[in-house]
There are 2 protein chains.
Amino acid sequence: MTELWVIHYSTGYCSVRKGARVPTVSDVAARAGVSTATVSRALNGKPTVDPDLAARVRQAADELGYQPNGPARNLRRQEAAVVALIISDVENPFFTAIARGVEDVAHEVGYSVVLCNSDESVEKENRYLDIAIQERVAGVILSPSGPTSTVAKLAARGTAYVAVDRPLPGQDSDVVLVDTRLAAREATAHLIAQGYERIGCVTGPAGVRTADDRLAGYRDALKAARRRTSKLVRRTEYKAAGAHRAALDLLAQPEPPDALLIANSAMAVGVLQALQERGVRPGRDVGLVAFDDAPWAALVDPPLSVVAQPAYELGAVAARLLLARIADPARPPTATTLGARLIKRASSRRP
Amino acid sequence: MTELWVIHYSTGYCSVRKGARVPTVSDVAARAGVSTATVSRALNGKPTVDPDLAARVRQAADELGYQPNGPARNLRRQEAAVVALIISDVENPFFTAIARGVEDVAHEVGYSVVLCNSDESVEKENRYLDIAIQERVAGVILSPSGPTSTVAKLAARGTAYVAVDRPLPGQDSDVVLVDTRLAAREATAHLIAQGYERIGCVTGPAGVRTADDRLAGYRDALKAARRRTSKLVRRTEYKAAGAHRAALDLLAQPEPPDALLIANSAMAVGVLQALQERGVRPGRDVGLVAFDDAPWAALVDPPLSVVAQPAYELGAVAARLLLARIADPARPPTATTLGARLIKRASSRRP
DNA sequence: GTGAAAGCGCTAACAC
DNA sequence: GTGTTAGCGCTTTCAC
């Protein structure tokens, strides 16, 4: 990325005009020869408008290129058909799949979705929560970045919200989760069954619920197999770089692991890089199972065993719950848990 | 994903209150014993307000949990510190990297970014353009989904916009591109130099400029090497599924390709799957170069040669141009072209 | 330095 | 059915 070259040249004069006056209801009303109220009614499809007038209004609006002013409308209506989705990493396919699920459901009922990237930072998350409140969105779906998320503000204002992938501590909100602890346990049990002896775990930061749960499931399985709890656990940010460091550290131990449970696909990239650098062959020297069935997982050498999570469904369910809560703020909150699926490939088959 | 199980249960009563009245400037004013005008001035950091009063106002605002009403403010100010970013695929790492670039620059100057996913559909793109106009965003950055994008609306209203990754046909707007034709030419020349004979190309839909350019660069290289233009070209949507079909089709030809130029990383996944299914070994039987240096590219077997594009920089530059245009609508539009870099790995080394 | 008042564009009462 | 009017919450002249 260092040897970029850049051409910068002007391509002429720009057609953007500052003075362009934006037409309003009054302009449309004047052109159609009716009142602003009629314009509003006609354009919003209210049935109490004479069809002829409505047609005249629509034509006038078209001719003027009228587009309603959203902020004004929302100010008046005291509500907007917009939901905010705050996720912790736009570059993580797991979260973008959630986003697709949310989008599809929201669009079906005419809601827009604005995507906010909290970048696993509680600070940015709070900033976006404030923005969501200030923009008076109808609801918020979020995957909390840490244990200290301050969604209390949302509750205090009566803004609907749903937690996705990670629960909100001390909040009885709607929540959609994956049974990730069980999945981690099954994945670890699979590694044990394959005869691996020193199974390690690379998971996310303490306080991030999915990271804690995956670690707990890993320990469940070791305990059930009467292994002593391993010292081969590393916790780092949910990204390739952190996992890369963690894997190098583990490989440098006097008794390095012969298998690893990895808590997401970005981390899997870091671990695989580290193994490559150290000349350790995945599958042969070190068994691997990673969370998230990334599109490339079956293409690496050897194909990577994964825990496939229903990310799209997670988003879709969260969106439905949010819409339900917007419609009825008094409904009792629900918790939904979706199952994950272990896909066994060559990276976890004992040679 | 079929064998999901779902637990649905109530977790108690929800704390969301519908009646919660949201405090306004008037409430703050009353509590601080000043006028609404002073509240506004104090909260916006205007220097013409007595420090003591300002402190009182801030305290009152805190106590009430006051959050300004965004739509109302924007309505009054006739502008919002928000830019819309319309990209054609949120699940494509290339575009999410662009998004990060845009975000980082925008946040530096206090702008928010709303991300819209047009899903390579001109229809959705237009829908989002309408929404952007209606929400009266300060500007729009978009990667047009097709040749018929109707950004004309933006120009007509005087809304600032910048095209990223793909130009807008017939618009002299600001634009930030990658010299993708040259990159494709270099990648193809590299395959030729390695001694591959029947080099094919899997690229995106006709009318999508990057797809056309990559194809053109490919042909440039063949022509320069005095090869007759190959019939081994397939065009499909910019996704794994389309590329998968295209690759299967190419492999079934009487004279199948012995090398392929692939127009993005999602397509590379589809091609690699197809090769795997047919027992064709990448690198040995078929040389490969793909656009986009996905994190996993070096991890597949053999490591994938790629054309690395400066996606983050693309977004960052686009954001800077947009901010400049918002500040000065009359400035002449510029075109910026960034270079790409060929990274040669084993998938394109002739055995 | 501060307050009173107007008004951004729209919709929803309320008249007619 | 349609028009008149008030007002959503905020900022910003304009007086003082």
Give the rounded distance in Å between these two atoms: [atom1] of [X] and [atom2] of [N].
X: A:N74; N: D:dG7; atom1: CG; atom2: C1'; value: 16 Å
X: B:R41; N: D:dC14; atom1: CZ; atom2: P; value: 14 Å
X: B:N44; N: C:dG1; atom1: CG; atom2: P; value: 17 Å
X: A:R136; N: D:dC8; atom1: CZ; atom2: P; value: 14 Å
X: A:E135; N: D:dC10; atom1: CD; atom2: C1'; value: 13 Å
X: B:L53; N: C:dG3; atom1: CG; atom2: C1'; value: 12 Å
X: B:R56; N: C:dG3; atom1: CZ; atom2: C1'; value: 14 Å
X: B:E79; N: D:dC10; atom1: CD; atom2: C1'; value: 14 Å

*Do the non-hydrogen side-chain atoms of B:V208 and B:Y238 ever get within less than 4.5 Å of each other?*
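A side-chain contact exists here, since the closest heavy-atom pair is under 4.5 Å.
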*Under a 4.5 Å cut-off applied to non-hydrogen side-chain atoms, are A:E135 and B:N74 in contact?*
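Sidechains of B:N74 and A:E135: in contact.
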*asked:* On the nucleotide D:dT11, are OP1 or OP2 found under 4.0 Å from the side-chain N or O atoms that B:Q78 carries?
replied: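 It does not, given that no N or O in the side chain of B:Q78 lies less than 4.0 Å from OP1 or OP2 of D:dT11.
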Can you tell which of [options] lies closest to the side chain of [X]?
X: A:R73; options: C:dC10, C:dC8, C:dG3; result: C:dC10
X: A:V49; options: C:dG3, D:dT2, D:dC10; result: D:dT2
X: A:T38; options: C:dG3, D:dG3, C:dT11; result: D:dG3
X: B:A37; options: D:dG9, C:dA5, D:dC8; result: C:dA5
X: B:Y66; options: C:dC8, C:dT11, D:dC10; result: D:dC10
X: B:L75; options: D:dT2, C:dT11, D:dG9; result: D:dG9
X: B:A72; options: C:dA12, D:dG9, C:dC10; result: D:dG9
X: A:R76; options: D:dT2, C:dA6, C:dG9; result: C:dG9
X: B:S40; options: C:dC8, D:dT11, D:dC10; result: D:dT11

*So does A:E63 have more than 12 non-hydrogen atoms from other groups sitting under 6.0 Å from CD?*
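Yes, the 6.0 Å shell around CD holds more than 12 heavy atoms from other groups.
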*asked:* Counting only heavy atoms not in B:R209 (residues, nucleotides, ligands), do more than 12 fall under 6.0 Å from its CZ?
replied: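 Atom CZ in B:R209 is not crowded, with 12 or fewer foreign heavy atoms closer than 6.0 Å.
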_Partner of B:D130 by salt bridge (Lys or Arg N to Asp or Glu O under 4.0 Å), out of B:R136, B:K124, B:K153_ =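 By the salt bridge (Lys or Arg N to Asp or Glu O under 4.0 Å) criterion, B:D130 pairs with just one of B:R136, B:K124, B:K153: B:K153.
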*Contact class for A:P68 vs. all strands (heavy atom < 4.0 Å): base, sugar-phosphate, or nothing?*
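It contacts sugar-phosphate atoms only.
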*Pairwise 5' ranking along DNA chain D for A:G33 and B:G70, keeping only the more 5' one*: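 On the 5' side of the pair lies A:G33.
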